[in-house]
Amino acid sequence: MNRTARIVGLGHHVPARKVGNAEIEASLGLEAGWIEGRTGIRARFWAEPGETLSGLAAKAGDMALQAAGIDRQEIGLLLLATSTPDHLLPPSAPLVAHMLGLEKAGGVDLAGACAGFIYAVTFADGFVRLHNKPAVVIAANILSRRINPAERASAVLFADAAGAVVLAPSGDPGHGILGASLASDGSAYGLIHIPAGGSNRPFAEDIAIAETRMTIADGREVFLKAVEMMSRCANEALAAAGIASSDVTRFVPHQANARIFNAVGKSLGIEDERFVKTIAEYGNSSAATIPLSLSVAHGAKPVRPGEKLLLAAAGAGLTGGALVVGF
């Protein structure tokens, strides 16, 4: 039997603290409406002191596992897509697996920036099909602790959130990844980055705190490259799946910026009513935005068997990709 990996559970979690645009616009000296007009964001959620990345991830994972109804002893793998682990070492995934009671699962972090969920689902799909065991993919970030509050380009965008999916073996060829395309462009490596804190420029007494926070070097170039990468990968994934964009029931793009994903949708010929959008209320939580959006949308209007979903993302690195997923 040719196994596929079906999505059988969805989950998400955000912190309790909701931060509206007015708070950030006041701190940056921006006029009312500036942020929403340029990004589509009205609010975002930020973690309180004491909240952890592993805690957010575990709550999203627990929701997805409960929805899946699978014995947790059957789970073989947990992949955690994050740019903000609890610590630089050890990885956070083993702790999250422990918190979820996944006693027989491997666990590893995956640093794929905004495209991390796309990569993690691709890898988990292969694991489920090869080993005939369910897997959990969680994407989570606490980006409020990585932004420079004085830098407008990043301070207005980023949020904290977690989203999760459970993949289980299936014998239906219409389930799971039907087409995929992954991409990278290291020539744009420095467009979105944290200058210090890695092995290239390790923490030191003479390193300013701003050097350990995220910076966007050229927002216009990020826009152009993200639109191109997401559009190209989406078209390649559709071709690999053997379907047209008109066959897609829901388009779930990375919620980077409304201008970016609207441009991608236009290039693909996907009408607004087929978009899944959460950016207005949840902001940009990097890799977490796609599973968060899937879970929120499923709660409002359940995804039905037979639907074909198109997922696409691009982010720092640059890394990107797209998946066509049969539900």
Enumerate the side chain to side chain donor-acceptor pair (under 3.5 Å) contacts for residues 300-309, please, sequence neighbours excluded, ordered by first and then second residue.
Thr249-Glu307, Arg250-Glu307
Among pairs that include at least one residue of residues 157-167, which meet side chain to side chain donor-acceptor pair (under 3.5 Å), considering only residues two or more places apart or in two chains?
Ser144-Asp160
Residues, nucleotides or ligands: over 12 heavy atoms within 6.0 Å of Asp71 CG:
yes
More than 12 heavy atoms of other residues, nucleotides or ligands under 6.0 Å from NZ of Lys277: is that the case?
yes
Can you list, by chain and residue number, the hydrophobic cluster partners of [X] when the side-chain cut-off is 4.5 Å?
{"X": "Leu102", "result": "Val8, Leu53, Leu56, Leu65, Ile70, Ile75, Leu78, Leu80, Val96, Leu100, Val136, Ile138, Ile142, Val166"}
{"X": "Leu88", "result": "Phe203"}
{"X": "Met63", "result": "none"}

Just to verify, what does Leu77 make a side chain to side chain contact (heavy atoms under 4.5 Å, CB included) with, not counting sequence neighbours?
Leu79, Phe127, Ala135
Would you list the pairs meeting salt bridge (charged side-chain N to carboxylate O under 4.0 Å, His left out) in which at least one residue belongs to residues 189-207, sequence neighbours left out?
Arg201-Glu211
Is there a donor-acceptor contact under 3.5 Å from the side chain of [X] to the main chain of [Y]?
{"X": "Asp125", "Y": "Val121", "result": "no"}
{"X": "Ser285", "Y": "Tyr282", "result": "no"}
{"X": "Arg274", "Y": "Val248", "result": "yes"}
{"X": "Glu151", "Y": "Ile216", "result": "yes"}
{"X": "Ser295", "Y": "Pro291", "result": "no"}
{"X": "Asp247", "Y": "Ala244", "result": "yes"}
{"X": "Glu51", "Y": "Pro15", "result": "no"}
{"X": "Thr82", "Y": "Ala140", "result": "yes"}
{"X": "Glu25", "Y": "Ile35", "result": "yes"}
{"X": "His12", "Y": "Ala60", "result": "no"}

Hey, does Asn148 have a side-chain heavy atom less than 4.5 Å from the side chain of Thr215?
no
Considering residues at least two apart in sequence or located in another chain, which fulfil the side-chain hydrogen bond (donor to acceptor under 3.5 Å, both in side chains) criterion with [X]?
{"X": "Glu23", "answer": "Arg17"}
{"X": "Arg145", "answer": "none"}
{"X": "Thr39", "answer": "none"}
{"X": "Ser187", "answer": "Asp185"}

Between Met214 and Leu143, does a side chain to side chain contact (heavy atoms under 4.5 Å, CB included) hold up when you go through it step by step?
CA-CA 9 Å; Met214 192 184 316; Leu143 292 171; 3.8 Å; yes
Verdict with reasoning, Trp46 to Ile147, per side chain to side chain contact (heavy atoms under 4.5 Å, CB included)
CA-CA 11 Å; Trp46 283 356; Ile147 59 176; 3.9 Å; yes
Looking only at side-chain N and O atoms, does [Y] offer a donor or acceptor that is under 3.5 Å from a partner on [X]?
{"X": "Glu236", "Y": "Ser181", "result": "yes"}
{"X": "Asn2", "Y": "Arg129", "result": "no"}
{"X": "Ser54", "Y": "Asp86", "result": "yes"}

Glu281/Arg42 ion pair, N-O < 4.0 Å:
yes
Give a yes or no on whether a salt bridge exists between Arg72 and Asp62, defined as a side-chain N under 4.0 angstrom from a carboxylate O.
yes
Go through Asn21 and Arg44 one step at a time and tell me if the side-chain hydrogen bond (donor to acceptor under 3.5 Å, both in side chains) criterion holds.
CA-CA 8 Å; Asn21 286 346; Arg44 75 285 292 144; 2.9 Å; yes
Can you tell me which residue pairs pass the ring-ring contact (aromatic ring centres under 6.0 Å, His included) test with a partner in residues 158-200, sequence neighbours excluded?
none
Sort out for me which residue in Val276, Val325, Leu268, Val252 forms a side-chain contact (heavy atoms from CB on, under 4.5 Å) with Leu310.
Leu268
What orientation do Phe275 and Phe261 show, parallel under 30°, tilted 30 to 60°, or perpendicular over 60°?
tilted
